[in-house]
*Asks:* 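Got a structure for you, written out below as structure tokens; questions coming shortly.
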There are 2 protein chains.
Amino acid sequence: MEIKLFCPATIANLSCGFDVLGLCLDNAGDEMIVRKVDQKGVRITKIVGADLPLETEKNVSGVAALAMLETLDELDFGFEIEIYKHIKAGSGIGSSAASSAGAVFGINELLGRPYSRKDLVQFAMQGEKLASGNAHADNVAPALLGGFTLVRSYAPLDIIRIDSPEELYATVVHPQIELKTSDARSVLKQNVSLKSAIMQWGNVGGLVAGLYTKDYELIGRSLHDEIVEPLRSVLIPGFDQIKQTAYENGALGSGISGSGPSIFALSRGKETADQIAKAMSDVYEKMNLPYEIHVSKINPDGVRII
Amino acid sequence: MEIKLFCPATIANLSCGFDVLGLCLDNAGDEMIVRKVDQKGVRITKIVGADLPLETEKNVSGVAALAMLETLDELDFGFEIEIYKHIKAGSGIGSSAASSAGAVFGINELLGRPYSRKDLVQFAMQGEKLASGNAHADNVAPALLGGFTLVRSYAPLDIIRIDSPEELYATVVHPQIELKTSDARSVLKQNVSLKSAIMQWGNVGGLVAGLYTKDYELIGRSLHDEIVEPLRSVLIPGFDQIKQTAYENGALGSGISGSGPSIFALSRGKETADQIAKAMSDVYEKMNLPYEIHVSKINPDGVRII
């Protein structure tokens, strides 16, 4: 028995929502096959599209799967995983999270769903820990739950899923430079001014309110990062130009996706999202910088069987 | 022509929502009479219940009224204001905000509503500026709009009103000590750790989500202040005991109201709110500390004609 999955890309650190807010993309993502087999344990049997380790303990999807299986009674069968990567590692749109989320979702399905999607977040986080050293949930939560997710707290883990207004689109451009998460992390300051922090939590409140009331303008006004973007954006070539052109072409807001280098813009309606994509592309073409670009609805479901 | 108003007390700095979140109380507040008279200008003709200046420019309601009238064509008539104070100055439940909000609301009504309630916030803020040196909106916004209010931004001013879940009650105890806002402000640190700030904005997002989804438990989990309460609570006698007894008696959350010394607890249903009031009273009675206590529904309307 096997199932084939779409494992969506995600945008974390949504402007004001650094470390807490993420969203799920709809037409950027990996594919994965999860197969129930007689041999016990978890094996990664195939990886296409990326140079990643096949050893279970060194692969994020393997680690996430093992974290989940450890909590269950020992099974007299096992699982094979095939991964077809489309999300580039280090792009800032949740490449490792897609693999971690897919593995635990797939195995959970084949086991008859002992866990809810929300329960699976804790296991997928173990894949993130392998990938980045930190068991973050801000990519795996939207990958598993869809829509927007708020990580209210890590201890205890408290994830809130928020529906996305229907016409909301994301445009994401990935300049093909290498930006290590560890470098993106090293520019952060351990302390922030109380004044900036207050502005930031005012905007988080505004963004969450805008999502519930489907107030696109409010969502836009709230998409402002006082704290992290000023420090990290200097690591991303053309950031200011990309952001400016996004606004000029109708974006509600724009910022760094994850820890970068991808840059996202949110907008209302596909037409505007496409126009932003065109304008962003023009910027990087003039700079002769290779890039990938995605235009996507917000994915309401998260990882799914295809 | 005159109208009589109920000018509600308010709770600002709602735990994680320092400087941005407030709520409106229903059965704690001042009364005010605003009268249209032939003589031009604004006069405070009577203040009962508090020793406050009658001079228009020295009284928060006068200052707020003048700020509003300055934006209109000159009138060939004026206004008299009578204030019946029930909210004690310095209690931390928006005494000056109630007066400022009442004055601008009353005059606006007598003028045939040239302004919306939201528009009035900017004028009432001028009263707050006189009272505390800062043109804060976190008390005047809920006093004018009712429910919960989020001050997303001051520049430009962006106020978001959020409905309160119907069964939500507030219990507020006011220990009768003097705690100057300036002293409460002086203990704050100008910088906070990024880690605490992230926890705080996670909770702000959670609280706003909880209000929209009427999820009382989520509201409770989110009512946690990482940043200000640890510093300010030491200025309030019995704070830890009051907070503990609130939780023991069913509070969803508890914290400092405004800049103190009042302490609030939110709970579901009047019975629990009353029980918390009893338990809080017991604490201060054992300490022989005079106190006032209020149990109130969240007021959905803000200042109103009575």
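Every chain is numbered from 1 and lettered A, B, ... according to where its sequence line falls, protein lines coming before strand lines. These numbers come from the heavy atoms of this one structure, side chains and all, not from hydrogens, waters or symmetry mates.
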*Asks:* Name, in order of residue number, those residues of residues 12-26 of chain A that have a heavy atom at a distance of less than 4.5 Å from a heavy atom in chain B; otherwise write 'none'.
*Replies:* A/C16, A/G17, A/F18, A/D19, A/V20
*Asks:* With a 4.5 Å limit on heavy-atom distance, are the side chains of A/I162 and B/T213 in contact?
*Replies:* no
*Asks:* Could you check whether atom CZ of B/R113 has more than 12 heavy atoms from other residues, nucleotides or ligands sitting under 6.0 Å from it?
*Replies:* no
*Asks:* How about B/K195: does its NZ atom have over 12 heavy atoms from other parts shown lying under 6.0 Å from it?
*Replies:* no
*Asks:* Among A/G205, A/S153, A/G210, A/G206, which has the most heavy-atom pairs under 4.5 Å with chain B?
*Replies:* A/G205
*Asks:* Would you say that more than 12 heavy atoms from the other residues, nucleotides or ligands in this model lie under 6.0 Å from the CD of B/E248, or not?
*Replies:* yes
*Asks:* Atom CG of A/L194 and atom CD of B/Q200: how far apart are they, to the nearest 0.5 Å?
*Replies:* 9.0 Å
*Asks:* Restricting to non-hydrogen atoms, name the atom on B/I160 and the atom on A/A209 that form the minimum distance, rounded to 0.1 Å.
*Replies:* CG2-CB, 4.1 Å
*Asks:* Using the rule given for side chain to side chain contact (heavy atoms under 4.5 Å, CB included), can you reason through A/N203 versus B/R152, listing the C-alpha separation, both sets of side-chain angles and the distance that settles it, and then say yes or no?
*Replies:* CA-CA 6 Å; A/N203 281 318; B/R152 188 198 62 81; 2.5 Å; yes
*Asks:* Counting only heavy atoms closer than 4.5 Å, note whether B/L207 contacts chain A via side chain, backbone, both or neither.
*Replies:* neither
*Asks:* I'd like to know whether A/V192 forms a side chain to side chain contact (heavy atoms under 4.5 Å, CB included) with B/V192, so could you lay out the CA-CA distance, the side-chain angles of the two residues, the decisive distance to 0.1 Å, and finally the verdict.
*Replies:* CA-CA 5 Å; A/V192 300; B/V192 300; 3.7 Å; yes
*Asks:* Do the side chains of A/R221 and B/D158 get nearer than 4.5 Å, heavy atoms only?
*Replies:* yes
*Asks:* Taking only residues two or more places apart in sequence, or in another chain, which ones meet B/S222 in a side-chain hydrogen bond (donor to acceptor under 3.5 Å, both in side chains)?
*Replies:* none
*Asks:* Would you say NZ of A/K129 has more than 12 non-hydrogen atoms from neighbouring residues, nucleotides or ligands within 6.0 angstrom?
*Replies:* no
*Asks:* B/D215 versus chain A, heavy atoms under 4.5 Å apart: side chain, backbone, both or neither?
*Replies:* neither
*Asks:* Identify which of B/I227, B/I198, B/V228, B/L211 forms the greatest number of heavy-atom pairs closer than 4.5 Å to chain A.
*Replies:* B/I198
*Asks:* State the OG-CD distance between A/S196 and B/Q190, to the nearest 0.5 angstrom.
*Replies:* 11.0 Å
*Asks:* Within a reach of under 6.0 Å around NZ of A/K214, are more than 12 heavy atoms found that belong to other residues, nucleotides or ligands?
*Replies:* yes
*Asks:* Any idea which of A/L188, A/L218, A/V151 has the most non-hydrogen atom pairs under 4.5 angstrom with chain B?
*Replies:* A/L218
